[in-house]
Participant: 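This is the structure I have questions about; it appears just below.
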2 protein chains.
Amino acid sequence: MTDPCFPECGVARFLTLLNGPWATLIVRELLHGPHRFNQLREALPGISPHTLTSRLRQFERHGIVTRTTYAEIPPRVEYALTPLGEGLREVLEAMGTWAMAVPDPESGVTA
Amino acid sequence: MTDPCFPECGVARFLTLLNGPWATLIVRELLHGPHRFNQLREALPGISPHTLTSRLRQFERHGIVTRTTYAEIPPRVEYALTPLGEGLREVLEAMGTWAMAVPDPESGVTA
DNA sequence: CTGGATCCCGCGGGATACTG
DNA sequence: CAGTATCCCGCGGGATCCAG
């Protein structure tokens, strides 16, 4: 039943790989399927190209995301999750499930 | 069937509540049961009292952790997860499960 | 024992401008 | 379109010292 040592072993690594406020949000977007650079920018209101590139590069290094370049006249680059990255779906879903149980910060944290 | 809108709704909130490298690690520790201030310090090598207090206070405000003071001669304070905080167990487990599938960063990410 | 006060630092991130 | 380069900033966090 959930060996006590089981979560801790990985939590730290998870935090290392998905550090920063944007990291997880980018993965969440990629969970919908491959995205082009500007597609991600549009899907992530407020993110700067600098940050987006930075996170994406880190994901590449860690084998979470793949970068595919299409040498066409209008340059096209697609970012997609690797199987490893896909595995994050369960984690994100757990986050989402939990958060939905969180009372609105403004609606009487009375509970 | 995991409604596509379901994860995104909460992921952002999760990230807001558990921001920073230490936040999640503190919760992970609290998942083992109530802890006193110094118990947490010992369980989290490298954390400074400043940071620990900071995170703990934030958790209190968000109703994730409760702070119980025992007005004894040797001051005693216990931090425990609220039911809401307990709900994070699934999330942490998901992180741990995923991370265990991550190949060691050193084992040839060369590609 | 618990933890507040200060000071300093690194890093994620924003803004803007510019290139292949 | 897909980035890259530079500069600046806020915040999480470490260190240290001190107080209830």
Side-chain angles (χ1 to χ4, degrees), chain A residues 11-30 33-62 64-81 88 105, chain B residues 11-30 33-62 64-81 88 105:
Chain A
V11 174
R13 184 176 299 177
F14 174 90
L15 296 173
T16 299
L17 269 10
L18 278 85
N19 58 343
W22 285 110
T24 308
L25 296 176
I26 293 173
V27 170
R28 187 194 64 177
E29 200 50 42
L30 253 19
H35 281 62
R36 300 176 55 171
F37 193 82
N38 280 346
Q39 271 186 306
L40 284 171
R41 288 187 64 176
E42 292 162 23
L44 301 167
I47 197 172
S48 64
H50 171 71
T51 299
L52 183 52
T53 301
S54 172
R55 277 5 2 242
L56 248 17
R57 288 273 185 266
Q58 185 180 318
F59 286 155
E60 278 187 71
R61 290 203 309 275
H62 294 319
I64 293 174
V65 162
T66 58
R67 177 170 180 276
T68 309
T69 307
Y70 297 88
E72 307 174 349
I73 299 306
R76 185 157 66 97
V77 179
E78 278 199 345
Y79 293 93
L81 291 176
L88 285 167
Chain B
V11 174
R13 184 175 300 179
F14 174 92
L15 296 173
T16 298
L17 268 12
L18 278 84
N19 58 341
W22 286 110
T24 308
L25 295 177
I26 293 174
V27 170
R28 187 195 64 177
E29 200 49 43
L30 253 18
H35 281 63
R36 298 177 57 173
F37 192 80
N38 279 347
Q39 271 186 307
L40 284 172
R41 287 188 65 176
E42 291 162 24
L44 300 168
I47 196 172
S48 64
H50 171 70
T51 300
L52 183 53
T53 301
S54 171
R55 277 0 10 238
L56 247 16
R57 290 273 184 267
Q58 186 180 320
F59 287 155
E60 278 187 72
R61 290 203 308 275
H62 296 317
I64 291 174
V65 162
T66 58
R67 178 172 180 274
T68 309
T69 307
Y70 296 88
E72 307 173 349
I73 299 304
R76 185 158 66 96
V77 178
E78 280 200 345
Y79 293 92
L81 291 175
L88 286 166

Participant: Which nucleotide in the set D/dG3, D/dG12, C/dA15 lies at the smallest distance from any side-chain heavy atom of A/Arg67?
Facilitator: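 Nearest nucleotide to the side chain: D/dG3.
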Participant: Compare the minimum distances between each of D/dG3, C/dG3, D/dG14 and the side chain of B/Ile47, then state the nucleotide with the smallest one.
Facilitator: D/dG14
Participant: For C/dG14, take OP1 and OP2 only and decide whether either is under 4.0 Å from a side-chain N or O of A/Ser48.
Facilitator: yes
Participant: Could you work out which one of C/dG3, D/dA15, D/dA2 sits closest to the side chain of A/Asn38?
Facilitator: D/dA2
Participant: Would you say B/Tyr79 places a side-chain N or O within less than 4.0 Å of OP1 or OP2 belonging to C/dG3?
Facilitator: yes
Participant: Closest approach to the side chain of B/Thr53, judged atom by atom: which nucleotide of D/dA15, C/dG4, D/dT6 is it?
Facilitator: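 Ranking D/dA15, C/dG4, D/dT6 by closest atom to the B/Thr53 side chain puts C/dG4 first.
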Participant: Quickly work out the B/Gln58 CD to D/dG12 P distance and round it to whole Å.
Facilitator: 7 Å
Participant: Looking only at the side chain of B/Asn19 (C-beta and beyond, no hydrogens), which of the listed nucleotides C/dG12, D/dG12, D/dA2 gets closest?
Facilitator: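 Shortest atom-to-atom distance from the side chain points to D/dG12.
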Participant: A/Leu25 CG to C/dG13 P: how many Å, rounded?
Facilitator: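 So the CG-P distance, A/Leu25 to C/dG13, works out to 9 Å.
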Participant: Regarding B/Pro74, tell me which of base, sugar-phosphate or nothing describes its non-hydrogen contacts under 4.0 Å with the strands shown.
Facilitator: nothing
Participant: Would you mind reading off the distance between B/Leu15 atom CG and C/dG12 atom P, rounded to a whole angstrom?
Facilitator: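 Whole-Å distance recorded here is 15 Å.
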Participant: Quick one: are A/Val65 and A/Tyr79 in side-chain contact, heavy atoms under 4.5 Å?
Facilitator: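 Of all side-chain heavy-atom pairs linking A/Tyr79 with A/Val65, at least one is under 4.5 Å.
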Participant: Looking at D/dG12, D/dG3, C/dT6, which one has an atom nearest to any side-chain atom of A/Arg57?
Facilitator: D/dG3
Participant: Does the side chain of A/Leu81 come within less than 4.5 Å of A/Phe59's, by heavy atoms?
Facilitator: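 A/Phe59 does not reach A/Leu81 side chain to side chain.
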Participant: C/dC1, C/dG12, C/dG14: which one has an atom nearest the side-chain heavy atoms of A/Pro21?
Facilitator: C/dG12
Participant: Verify the contact: side-chain N or O of B/Arg36 to OP1 or OP2 of C/dT2, cut-off strictly under 4.0 Å; return yes or no.
Facilitator: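 Yes.
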Participant: Measuring only between side-chain heavy atoms, which start at C-beta, is A/Arg67 closer than 4.5 Å to A/Leu56?
Facilitator: no
Participant: Kindly indicate whether the side chain of A/Leu88, heavy atoms from C-beta on, has any atom under 4.5 Å from the side chain of A/Leu30.
Facilitator: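 The answer is no, as the side chains (C-beta and beyond) never meet within the 4.5 Å cut-off.
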Participant: Take atom CG of B/Leu40 and atom P of C/dC1, then tell me their distance rounded to the nearest Å.
Facilitator: 14 Å
Participant: Starting at atom CZ of B/Arg55, determine the distance to atom P of D/dG12, rounded to an integer number of angstrom.
Facilitator: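 Roughly 5 Å, once rounded to whole Å.
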Participant: Just the rounded figure in Å: distance from P of C/dA5 to NE2 of B/His50.
Facilitator: 10 Å
Participant: Can you check the A/Leu44 CG to D/dG3 P distance for me, whole Å?
Facilitator: 14 Å
Participant: Between A/Ala23 and A/Pro49, which residue's closest nucleotide on DNA chain C lies nearer the 5′ terminus?
Facilitator: A/Ala23
Participant: Rounding to an integer number of Å, can you tell me how far A/Phe37 CZ sits from C/dT19 C1'?
Facilitator: 14 Å
Participant: Does the side chain of A/Gln58 come under 3.5 Å of the side chain of A/Arg61 through a donor N or O and an acceptor N or O?
Facilitator: no
